[in-house]
Structures are given as structure tokens and as C-alpha cells.
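A short write-up of the structure that comes next.
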Amino acid sequence: MKEKGTNVITRFIDQIKWFFYDLRVKLFGSRKPSEKNLANSMSSRTRKKIIFLFIFLLFPTVQFLIFYVGVNFNSLLLSIQEYQVVDNRGQYVITGFDNFVKVFENIFINGELLTAIKNSAIQFIVGLVLGIPVHVMVAYVVFKEVPFGGFLKIMLFMPSMISSLVFVSTFRFLVQEGAPIVFENELMAILLQGRSYDDFWLILMFAQWMNFSNGLIIYLSAMCSISTDIIEYGQLEPMSTIQELWYVIIPSIFPTITTYLVVSIAGFFTNYGYFVSFFRVNTDGGMSLGGNMFDTLGYVFFVGLLNGDQGLEFYPYASAAGIVFTLIAAPLTLLVKHLLEKYGPSED
């Protein structure tokens with residue numbers, strides 16, 4: 001009798017379960033979807049993903065097509081043209097490869113670009129030999145959280161927080177007004193006036209300090225991403241600070257150094273430094289150079305393109321020069337990248 005009563009209760013509970021299950025199926029459908037519904041659901045999700053990726057990639061794709069493909073295609077067309085005034089109306093006329101001939105003449109025959117090439121090389125070597133090692137060491141000092149490291153970080157970040165023109169004006173005032181008094185030499189008052197080649201080196205040193213913030217951000221970020229296990233392993237070994245920097249830190253951040261070097265090579269032909277800020281003078285809507293002694297490739301072409309109406313005549317020549325420099329810089333950049341990745345230090 002007891003077992004019979006138990007079976008009745010069990011069947012009653014099962015009936016209640018099936019009743020609620022049928023009610024749920026009628027209201028919301030079956031929990032297990034059919035293959036057709038499952039395929040439709042997957043297709044809908046895939047379609048939404050494709051639409052999202054298309055919208056997400058649309059903006060950078062349009063930017064690439066306009067500012068890289070479009071600009072370079074326009075530069076290619078300009079390189080075989082010349083600006084001429086016909087019937088009191090300026091227009092570009094196709095003249096063949098005359099602009100390329102002028103570029104090679106200015107390099108190998110009359111030497112108009114040799115000073116710019118030499119100064120660009122000096123600017124590059126100073127940034128390579130002086131800039132990168134000092135940037136890495138200063139970033140390492142801040143990374144090790146030495147006393148006054150935070151103050152040093154603020155001092156090096158200052159150039160990126162304040163307009164560079166403010167620093168240019170302040171630096172010019174200190175050199176021209178303060179240096180003659182401190183060193184008791186009145187001849188120093190003529191510095192930064194475009195009269196001496198010493199100004200070139202003075203501005204190079206100024207540029208190194210102004211660029212400290214960029215190097216500090218890049219290398220300090222790379223050091224902070226190093227695994228703590230590697231840092232602790234180096235601390236357990238009897239390593240000095242210099243050994244830790246040379247054997248642990250530099251190999252770990254060498255990919256970042258490689259990227260920085262590759263970008264520097266690519267910018268060899270475009271970096272105009274701070275010479276524009278120091279020697280740019282408006283004259284009748286045009287530009288006045290500080291003098292050939294300060295020319296770099298980036299400075300010559302940047303100022304030339306802004307030289308009022310004459311800039312329209314300069315565009316075809318600058319386009320041809322840009323193509324020539326690209327043909328030089330592209331394989332050189334790839335070669336340096338390959339050599340650094342193949343023979344450079346690694347974490348292993």
C-alpha cells in the first residue's frame with residue numbers, strides 16, 4: 001500500500017512537470033532549435049559581424065586611399081609636369097622627366113642639395129649616436145624608480161606639454177641675453193641669428209632635448225611591458241646595474257629600438273628639425289631661409305612648398321625629389337630592418 005501511494009505521488013509530480021513543459025513550449029517554443037533555425041541564426045550573426053567589420057575598417061581604408069594612394073598618385077603625376085602661366089592663367093603642363101633631371105643635377109653637378117644632404121646626415125647621426133643611447137639610459141633610470149625619478153620625468157615631458165615655439169623663444173632669449181653675461185663674452189649675443197654655423201649645432205642640441213619626451217615614452221613603455229619573471233631572474237643573478245641594462249633590458253626592448261631606427265631612416269629625407277622655428281621669416285607672404293648653411297632636406301622642401309606663388313612652381317620638383325628619395329630610402333629601410341632582426345640581440 002505504501003509503494004502504491006508513492007507511485008501515485010510520483011506520477012502526479014511528473015504530470016505537473018509535463019504540464020509546465022508543454023505550456024513553456026507553446027509560449028516560447030522548444031529549447032532545442034531546429035537545424036534550419038540554427039543555420040538562420042548563424043547566418044544572421046555572421047552578417048552582423050561582417051557589417052561591423054566593414055564599418056570599423058571603412059574610415060582607415062578611406063584615409064589610406066586618400067592620404068597615401070591619392071597623394072602619391074598625385075605626386076607621381078606632378079613629377080612629370082611643370083607649372084606654367086598661359087593666357088594669364090596658371091596650369092600644370094606635362095614636360096616629361098625634366099624634374100628628375102634637375103634633382104640629379106642639383107645633387108651631382110651643381111651641388112645645390114649637397115649641403116642639405118650633409119646637414120641631414122649630421123642630424124641623423126647625432127640622433128642615432130647621441131639620442132637613442134641617452135634616451136634608453138634615461139628611460140632605464142626612470143624605470144628603476146631612482147630618487148627624483150618622477151621629477152626627471154616631468155622635466156623631460158615639459159617640451160611635449162608646452163608649445164615648441166614657446167621653448168624656442170625662451171631658449172633664444174636665454175642664449176642671446178643670458179649667455180653673454182654668464183660667460184662674459186659679448187660675441188655670444190649674435191648666436192641664433194643665422195650668421196654662424198655654430199647655430200646649426202646649437203639647434204641640434206636643442207632638438208635632442210625637445211625630443212627627449214618621445215624617446216622616454218617609447219622606451220619606458222617597452223620596459224614596463226617586460227615580464228616581471230625576467231626582471232626577478234636578473235635580480236637573483238649577481239648582476240650590476242649596467243649588466244642588467246645590457247643583458248636583460250636592451251634585448252627585451254630591442255624590437256622597439258629596431259622600430260625606432262627604421263622610422264628614423266625613413267625620416268632622414270623629411271625631418272626639418274627646429275630650423276623652421278628659429279629661422280622662418282615672413283616676407284611679402286613668402287618665406288626667407290636662414291641661409292644655405294642651415295639647410296636640411298626636410299627644411300628645403302618644407303619651406304620651398306610654402307613659398308607663396310613660387311611654391312606652385314616648386315611642387316613638381318619636390319614631387320620628383322620625393323620619388324627619388326623614396327627609391328633610395330625604401331630598400332635601405334628594409335635592409336636595415338632585416339639586419340637588425342637577424343643579428344640583433346633577443347630575449348633568448
Has [X] got more than 12 heavy atoms of other residues, nucleotides or ligands less than 6.0 Å from its [atom1]?
X    : atom1 : result
L327 : CG    : yes
I94  : CD1   : no
W209 : CH2   : yes

May I ask you to decide if [Y]'s main-chain N or O and [X]'s side chain share a donor-acceptor pair within less than 3.5 Å?
X    : Y    : answer
D295 : A116 : no
N106 : K102 : yes
Q84  : V93  : no

message: Applying side chain to side chain contact (heavy atoms under 4.5 Å, CB included) to N271 and T296, what does each step give before you reach the verdict?
response: CA-CA 8 Å; N271 185 11; T296 63; over 6 Å; no
For the [atom1] atom of [X] and the [atom2] atom of [Y], what is their distance to the nearest 0.5 Å?
X    : Y    : atom1 : atom2 : result
S240 : Y247 : OG    : OH    : 9.0 Å
S277 : L165 : OG    : CG    : 5.0 Å
M205 : F200 : CE    : CZ    : 9.5 Å
L261 : T256 : CG    : OG1   : 11.0 Å
D199 : L204 : CG    : CG    : 11.0 Å
L114 : I109 : CG    : CD1   : 11.0 Å

field: Parallel, tilted or perpendicular, as decided by the 30° and 60° cut-offs, for the rings of F301 and F314
entry: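 The rings of F314 and F301 sit tilted, inter-plane angle from 30° to 60°.
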message: Below 30° counts as parallel, above 60° as perpendicular, anything between as tilted: where do the rings of F97 and F100 land?
response: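 Correct class here is tilted.
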task: Begin with the C-alpha distance, continue with both residues' side-chain angles, and end with the deciding distance and a verdict on side chain to side chain contact (heavy atoms under 4.5 Å, CB included) for L216 and H135.
output: CA-CA 6 Å; L216 182 63; H135 289 177; over 6 Å; no
- request: Indicate whether any N or O donor in one side chain lies under 3.5 Å from an N or O acceptor in the other, for Y140 and E244.
  value: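 Indeed, the side chains of Y140 and E244 share at least one donor-acceptor pair under 3.5 Å.
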Side-chain donor-acceptor contact under 3.5 Å, N119 with Y299: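 No, no side-chain donor-acceptor contact under 3.5 Å.
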Audit row: T95, I80, side chain to side chain contact (heavy atoms under 4.5 Å, CB included) steps and yes/no: CA-CA 6 Å; T95 57; I80 58 175; over 6 Å; no
query: What do the steps show when you test F278 against Y274 for ring pair (Phe, Tyr, Trp, His ring centres under 6.0 Å), and what is the final call?
result: CA-CA 6 Å; F278 277 96; Y274 288 88; 7.4 Å; no
same_hphob_cluster([X], [Y]) at 4.5 Å side-chain heavy-atom cutoff:
X    : Y    : result
I181 : L192 : no
I66  : L58  : yes
L339 : L334 : no
M137 : L130 : yes
L335 : Y343 : yes

Looking only at heavy atoms, what is the nearest atom pair of [X] and [Y], with distance?
X    : Y    : value
S75  : S319 : O-CB, 3.3 Å
N99  : S79  : ND2-O, 2.9 Å
Q208 : G131 : OE1-CA, 3.5 Å

task: Could you point out which residue of L174, V168, V175 forms a side chain to side chain contact (heavy atoms under 4.5 Å, CB included) with F171?
output: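 Considering L174, V168, V175, a side chain to side chain contact (heavy atoms under 4.5 Å, CB included) with F171 is found only for V175.
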message: The criterion is side-chain hydrogen bond (donor to acceptor under 3.5 Å, both in side chains); which residues satisfy it with D229, sequence neighbours excluded?
response: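 Once residues adjacent in sequence are excluded, D229 has no partner under the side-chain hydrogen bond (donor to acceptor under 3.5 Å, both in side chains) criterion.
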message: Run L128 and F124 through side chain to side chain contact (heavy atoms under 4.5 Å, CB included) and show every step you take.
response: CA-CA 6 Å; L128 181 67; F124 173 77; 4.1 Å; yes
field: Centroid separation F325 to F268 less than 6.0 Å
entry: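 No - the distance between ring centres of F325 and F268 does not fall below the 6.0 Å cut-off.
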query: Should F143 and Y219 be marked as a ring pair (Phe, Tyr, Trp, His ring centres under 6.0 Å) after you check the CA-CA gap, both sets of side-chain angles, and the distance that decides it?
result: CA-CA 9 Å; F143 173 72; Y219 295 121; over 10 Å; no
